[in-house]
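One structure is given below, encoded as structure tokens.
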Number of protein chains: 2
Amino acid sequence: METAFKNIAALIGDPTRATILWTLLDGKAFTATELAIAADTSPQNMSMHLTKLVQADLLSVESQGRHRYYKFSRKDVAYAIEALANLIPAARNTPAVEQDSAVKYCRTCYDHLAGKIGVAITDSLISQEILSETFDLTTKGNKWFGKIGIDVDVLKQQRRTFIRPCLDWSERRHHLAGAVGAALLDMMLAEDWLRRTRQSRAIVVTAEGEKMLKKHFLLTPSSVHV
Amino acid sequence: METAFKNIAALIGDPTRATILWTLLDGKAFTATELAIAADTSPQNMSMHLTKLVQADLLSVESQGRHRYYKFSRKDVAYAIEALANLIPAARNTPAVEQDSAVKYCRTCYDHLAGKIGVAITDSLISQEILSETFDLTTKGNKWFGKIGIDVDVLKQQRRTFIRPCLDWSERRHHLAGAVGAALLDMMLAEDWLRRTRQSRAIVVTAEGEKMLKKHFLLTPSSVHV
DNA sequence: CAAATACTTCAGTCTACACTTAAATATGGA
DNA sequence: TCCATATTTAAGTGTAGACTGAAGTATTTG
């Protein structure tokens, strides 16, 4: 079993493969070519790496015409990558000028909203007593989610974890994950409060989104630094 | 940030370093020489690897005389390694003769009891309604822990997570972790129900332990296969 | 149907970095 | 004080496996 562990570790340890996994944290499926561009390598090389990851059952492929879409084969993989990302050493001496990209402030973490905005929204949910300190949904919270169009009873039926806290690697604070976290992100994207950007995990807030974030979560633009 | 992730991944990806981390999952501190033996390499080489892991703040060292004790620098590291271990492909076709070592049945996972016995104990706690299905301690459970000599109120004061479920890589089932899980293991070792083995993560059940496991968790030797 | 795109396969090459040999430093014990 | 043990440091070597170039297989498009 120790050998199996070494194999998994070696698989994740290669820089190119690490980049693949990092990119896929987005939660979307990517084609081989997209991943080759993201990892700045040749298609042949990417193909070789993807084959290895699929063989180890870390990724799964789905063919659609001449494209092959790669994604995590199971949630556990995303969780493990998240756990690794949490080991990134905390920013040492914050530079005078904030150099971090938008990703730090607003990005997705597998299938839910992370980054500064994810943490801010989660804080707001707790202070509004929609969530308890222990990440349980309150009676008040049940009603609140219904009002914004998310049927929590349906989410409870799902096999996946209903609510779980996810520790963010940049903010080092918990934010909302699980079925509820994913549903919240889906809603925000569907309602066009947020929009995905093309090649990155960054998310942008629309004008409408800014209004709605203020209304529902009492967030001002400055409080999320977008 | 992506670069930082690659660095972490590369650090964990080397077979020798993976073995170090795997060994340390035990929760104990090891000397450089012990780790060199465990990883089947030279002391010089081990020294080089340990230096890298300490520099990346994955491990911390404590000097005691001419020995240097290495352990995880923070809990997050152990959690990440656990998450990785969960990616080990599930046993495909179980061989006719069970080849797995005792480790599979009874071992520690960072600082709490995992393996078949860890899962069995957790199941028992839930069926006895000491824990709820959602891993919350019940009123009944509060009393129960007091009776076996564990003061849960003291544990609640600790900064670490009070109770958390940990997914076991061999059993693929949740078992008890967090402060309560660690306290339970400590108690069992202190009362000599269980004993650590010399060079491995395996744990053996003493004669006394067998009696007590039966008494408190309704576990028969066959139900834990020890 | 030919041409373009998406992706894979199979050789051969090349280099990062784990490992070795050798020697130095520090602590403990007789 | 001298020797054994624990560990680190330094310099040189060897190789696993990532990458490249060339060619092959699907699929779509015009």
Side-chain angles (χ1 to χ4, degrees), chain A residues 2-24 28-71 73 198-199, chain B residues 2-24 28-71 73 198-199:
Chain A
E2 186 188 319
T3 312
F5 178 75
K6 281 193 232 178
N7 292 340
I8 292 281
L11 220 46
I12 292 175
D14 173 77
T16 302
R17 287 192 293 263
T19 304
I20 297 171
L21 297 167
W22 176 260
T23 305
L24 289 176
K28 289 189 299 185
F30 284 78
T31 66
T33 305
E34 284 170 342
L35 289 169
I37 292 167
D40 191 29
T41 188
S42 67
Q44 311 93 289
N45 194 31
M46 182 50 64
S47 180
M48 182 269 288
H49 286 300
L50 288 171
T51 303
K52 289 190 180 186
L53 290 169
V54 169
Q55 270 169 359
D57 193 32
L58 295 188
L59 302 188
S60 63
V61 215
E62 202 176 323
S63 292
Q64 260 174 51
R66 59 183 165 183
H67 296 280
R68 308 199 75 198
Y69 286 92
Y70 290 87
K71 62 175 205 285
S73 66
R198 197 166 292 266
Q199 293 280 6
Chain B
E2 185 187 319
T3 311
F5 179 74
K6 281 194 233 179
N7 292 341
I8 293 281
L11 219 46
I12 291 173
D14 173 76
T16 302
R17 287 191 294 262
T19 304
I20 296 171
L21 297 167
W22 177 261
T23 305
L24 289 175
K28 290 188 298 186
F30 285 78
T31 66
T33 305
E34 283 169 343
L35 289 169
I37 292 166
D40 191 29
T41 189
S42 66
Q44 309 92 292
N45 195 31
M46 181 51 63
S47 179
M48 182 268 289
H49 286 300
L50 288 171
T51 304
K52 289 191 179 182
L53 290 170
V54 169
Q55 268 169 0
D57 193 33
L58 295 189
L59 302 188
S60 63
V61 215
E62 201 176 321
S63 291
Q64 259 174 51
R66 57 182 166 179
H67 297 279
R68 307 199 75 197
Y69 286 93
Y70 289 87
K71 61 177 205 289
S73 66
R198 197 165 291 266
Q199 292 282 5

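All chains are named by letter (A, B, ...) in the order of the sequence lines, taking the proteins before the strands, and each is independently numbered beginning at 1. Note: hydrogens, waters and symmetry copies are ignored here, and every other heavy atom, side chains too, is used.
- Using modelled atom types, one side-chain atom of S73(B) and one backbone atom of D57(B) make a donor-acceptor pair closer than 3.5 Å.
- At whole-Å resolution of the value, NE2 in H67(A) and C1' in dT28(D) are 9 Å apart.
- To the nearest angstrom, C1' of dT5(C) lies 14 Å from CD of E34(A).
- The side chain of R66(A) has dT29(D) as its nearest neighbour among dT9(C), dC7(C), dT29(D).
- For the OP1/OP2 pair of dT27(C) and a distance below 4.0 Å, the side-chain nitrogens and oxygens of R68(B) include no atom meeting the criterion.
- One interatomic measurement links the two molecules: CG of L53(A) to P of dA18(D), which rounds to 10 Å at whole-angstrom precision.
- Between the P atom of dT9(C) and the CE atom of M46(A) lies a distance of 15 Å, rounded to the nearest Å.
- If you take CD1 on I8(B) and CD1 on I12(A), they are separated by 12.5 Å, rounding to the nearest 0.5 Å.
- The shortest heavy-atom contact between F30(B) and E34(B) is CA-OE1, 3.3 Å.
- Contact check for T31(A) versus R68(A): no side-chain heavy atoms found under the 4.5 Å cut-off.
- The distance from atom CD of E62(A) to atom P of dA6(C) is 18 Å, rounded to the nearest whole Å.
- For the residue pair H49(B) and I20(B), the shortest heavy atom distance occurs at CB-CD1, 4.0 Å.
- One can place OH of Y70(A) at 9 Å from C1' of dT8(C), the figure rounded to the nearest angstrom.
- A side-chain donor-acceptor contact under 3.5 Å links T19(A) to the backbone of P15(A).
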Go along nucleotides 14-20 of chain C 5' to 3' and tag each nucleotide: B for a protein heavy atom under 4.0 Å from its base, S when only backbone or sugar atoms are that close, - otherwise. ----SBB
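- Atom NZ of K6(B) and atom P of dA18(D) are 14 Å apart (whole Å).
- Out of dT8(D), dT8(C), dC7(C), the shortest distance to the side chain of S47(A) is found at dT8(C).
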